[in-house]
Amino acid sequence: MNDTNQTWVEQVFLVPPSLRDNTADADRLLAALRNRLKTDVLLADIGLLRDLPDRLRQWGYQARCVLFSDGNVFYLVDVTDPEAQTPCAGLAVDLGTTRVVTRLINLETAAVLAETSFENPQTTIGDDILTRIHYTDRPGGLDHLHDLIINGLNRAIDELCDQAGINTTDLYLLAVSGNTTMTHLFLKLSPRWIIREPYIPAVNTPGIVKAGELGIDANPRARVFCFPSVGSYFGGDLISGILFGQLHRSDDTSLLVDVGTNAEVVLGNREWLIACAGAAGPALEGGVAKIGAKAGPGVIDTISIDPATGDVTFDTIEHLAPKAICGSALIDLVAQLFAGGILDIRGKLVPGKAPGRIETDDGIVAYVVVPAEQSATGQALVFAQPDIDNIIRSKAAMYTILETLTASVGLALSDIETFCVAGTFGSLINPRSAITIGMLPDLPIERFRVLGNSSLEGAALLLSSRHPVTEIAAIRNRITYLELNVNQEFMNRFSAARFLPHTDTTLFPSVTVPGSASSLPGLTG
């Protein structure tokens, strides 16, 4: 259990008023809390003040107080029965473009009460951010997108509260972590100018709002904190990830990569942070290859090719017949093909290296991963040359983003002490495969650290203790954003990275280029 002095819930025991001490009820409570919190700025809204006198007398001038802060101002959200056994709950939300993950937390103990996830309902309008932003230009478009995400969240809240055995009125705080556009749609702010030069959001630091104003089913006085953004393409989900990964506290220089709609990267330590974002995400998530798909039942998640026989072995999620391949397995597949000499250094299929597996249809060369008779669809899963080219471009973009960012501060990628990978893709990726194809730098495997869903974990940290809120503003203010769209050095490096693993093979000393060896050691480890 956390020290209650560090959480958002404070048990307060007041000296009852008397003829000698006629301090007003609200003043008495707020003064005690200000002293406890060591702050001069503590606010309570009029609705709470109306109920306060009767509640304090009913409870013998004791109360369980729910607080919140944006780092500058403390709010007294509500006062509850100090003897009640029902927990005061908070909800951490990873507001993803594709998937939303939620975690219900006991605000007094930081214990996880329940967790669930759901597909973002806004995908019915468009899978990508750009489509959704254009949709807001239609009459009622912004309202519709806002309603979709709020209704989806409310369904999740009902489910979580049922699992935890509490009511929605027991939910007092929400911490929401999402990219800049998703945060705008959640708050019903127009994202129109995010994609129009000079690319300015409506707000970067929305602070705390009332849940009721957004239509969220929670306690009538519940508050919502949205993690701040740095700009149009660097959102609160990355601030949350930095908070969880502790880059801002590290003496060593660390690098954090989160692959989603974009590849977003942060480099730095306790003294400085620099960040950038680039379009390296969709192909690496399996969204470009025809056989690519998000992780799900029947989707191949592990794959290997026997270098001696050329036989392909794989496993699927829930061990069902294969219907597609997830993004991390596509990276493994490219690495395996390259290791066996089936792909050359340009990323082109070499027909003579895989008899019976490589076919040509209408002039397009493709590698048959799963024959039709083994497929769930009755059609062969083929990895066509255009699909491979897309992944090569994406891996080149990823590596170039990393190289350009580190070079901008006079460092080489080999100087990175800790390489953090975040998000669903990051938690599934095999670093050795990514190194083999030149997507990630050739660092010792022990330097790689998988953070998982760092966006959700950062939001959960904020609800588990009140100390992180002061760090969030400091993290945001410390970040320098590097714009890659106008960076000529990026384009020069990108051309060199469009080979396997790279035109400069000295950057990848652990990778054996086919021809000098029959396979790459440790590739499937």
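We count residues from 1, following the sequence as given. Keep in mind it's a predicted model, so treat the numbers as computed, not measured.
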> Step by step, would you call R223 with D70 a salt bridge (charged side-chain N to carboxylate O under 4.0 Å, His left out)?
Replying inline: CA-CA 11 Å; R223 299 294 204 277; D70 59 5; over 6 Å; no

Does atom [atom1] of [X] have more than 12 heavy-atom neighbours from other groups under 6.0 Å away?
{"X": "D40", "atom1": "CG", "result": "no"}
{"X": "L19", "atom1": "CG", "result": "no"}
{"X": "R196", "atom1": "CZ", "result": "yes"}

Report yes if some heavy atom in the side chain of [X] is under 4.5 Å from a heavy atom in the side chain of [Y]; otherwise report no.
{"X": "D170", "Y": "T80", "value": "no"}
{"X": "N72", "Y": "V41", "value": "no"}
{"X": "D415", "Y": "T406", "value": "no"}
{"X": "I216", "Y": "F186", "value": "yes"}
{"X": "T102", "Y": "T116", "value": "yes"}
{"X": "L142", "Y": "H184", "value": "no"}
{"X": "L171", "Y": "N219", "value": "no"}
{"X": "I239", "Y": "V230", "value": "yes"}

> Under the side chain to side chain contact (heavy atoms under 4.5 Å, CB included) criterion, do I166 and L104 qualify, and how do the steps go?
Replying inline: CA-CA 11 Å; I166 64 174; L104 195 66; 3.8 Å; yes

For the [atom1] atom of [X] and the [atom2] atom of [Y], what is their distance to the nearest 0.5 Å?
{"X": "L113", "Y": "L107", "atom1": "CG", "atom2": "CG", "result": "8.5 Å"}
{"X": "I274", "Y": "R478", "atom1": "CD1", "atom2": "CZ", "result": "14.0 Å"}
{"X": "D78", "Y": "L52", "atom1": "CG", "atom2": "CG", "result": "9.5 Å"}
{"X": "W8", "Y": "L173", "atom1": "CH2", "atom2": "CG", "result": "8.0 Å"}
{"X": "N430", "Y": "D332", "atom1": "CG", "atom2": "CG", "result": "5.0 Å"}
{"X": "T136", "Y": "I194", "atom1": "OG1", "atom2": "CD1", "result": "9.0 Å"}

Of all the heavy-atom pairs spanning [X] and [Y], show the shortest one and how long it is.
{"X": "C161", "Y": "N167", "result": "SG-O, 3.9 Å"}
{"X": "L174", "Y": "A211", "result": "CD1-CB, 4.4 Å"}
{"X": "L443", "Y": "L413", "result": "CD2-O, 3.4 Å"}
{"X": "T180", "Y": "G235", "result": "OG1-CA, 3.5 Å"}
{"X": "A175", "Y": "F227", "result": "CB-CE1, 4.4 Å"}
{"X": "P206", "Y": "L187", "result": "CB-CD1, 3.5 Å"}

Keeping the roles fixed (side chain from [X], backbone from [Y]), state whether a donor-acceptor pair exists under 3.5 Å.
{"X": "S464", "Y": "A460", "value": "yes"}
{"X": "R221", "Y": "G47", "value": "yes"}
{"X": "T470", "Y": "H467", "value": "yes"}
{"X": "S69", "Y": "G71", "value": "yes"}
{"X": "R476", "Y": "S229", "value": "yes"}
{"X": "H146", "Y": "L214", "value": "yes"}
{"X": "Q122", "Y": "L145", "value": "yes"}
{"X": "R28", "Y": "V15", "value": "yes"}

> Can you list the steps and then say if Q163 with E115 is a side chain to side chain contact (heavy atoms under 4.5 Å, CB included)?
Replying inline: CA-CA 9 Å; Q163 290 179 27; E115 187 168 330; over 6 Å; no

>> Between D237 and S455, is there a side-chain donor-acceptor contact under 3.5 Å, judged purely by atom types and distance?
In response: no

> Taking atom types as modelled, is there a side-chain donor on D21 or T23 under 3.5 Å from an acceptor on the other?
Replying inline: yes

> Do the charged groups of R447 and D252 touch, with an N to O distance under 4.0 Å?
Replying inline: no

> In a check of salt bridge (Lys or Arg N to Asp or Glu O under 4.0 Å) between E10 and each of R36, R64, R34, which one passes?
Replying inline: R36

>> Testing R50, R57, R55 one by one against D25 for a salt bridge (Lys or Arg N to Asp or Glu O under 4.0 Å), which residue passes?
In response: R57

> Should L91 and L153 be marked as a side chain to side chain contact (heavy atoms under 4.5 Å, CB included) after you check the CA-CA gap, both sets of side-chain angles, and the distance that decides it?
Replying inline: CA-CA 10 Å; L91 187 69; L153 186 61; 4.1 Å; yes

>> Let's go through H144 and R138 carefully: what are the C-alpha distance in whole Å and the side-chain angles of both, what is the deciding distance for side chain to side chain contact (heavy atoms under 4.5 Å, CB included) to 0.1 Å, and is it a yes or a no?
In response: CA-CA 10 Å; H144 185 203; R138 301 183 183 183; over 6 Å; no

> Could you walk me through whether T123 and N120 pass the side-chain hydrogen bond (donor to acceptor under 3.5 Å, both in side chains) check?
Replying inline: CA-CA 6 Å; T123 57; N120 190 323; over 6 Å; no

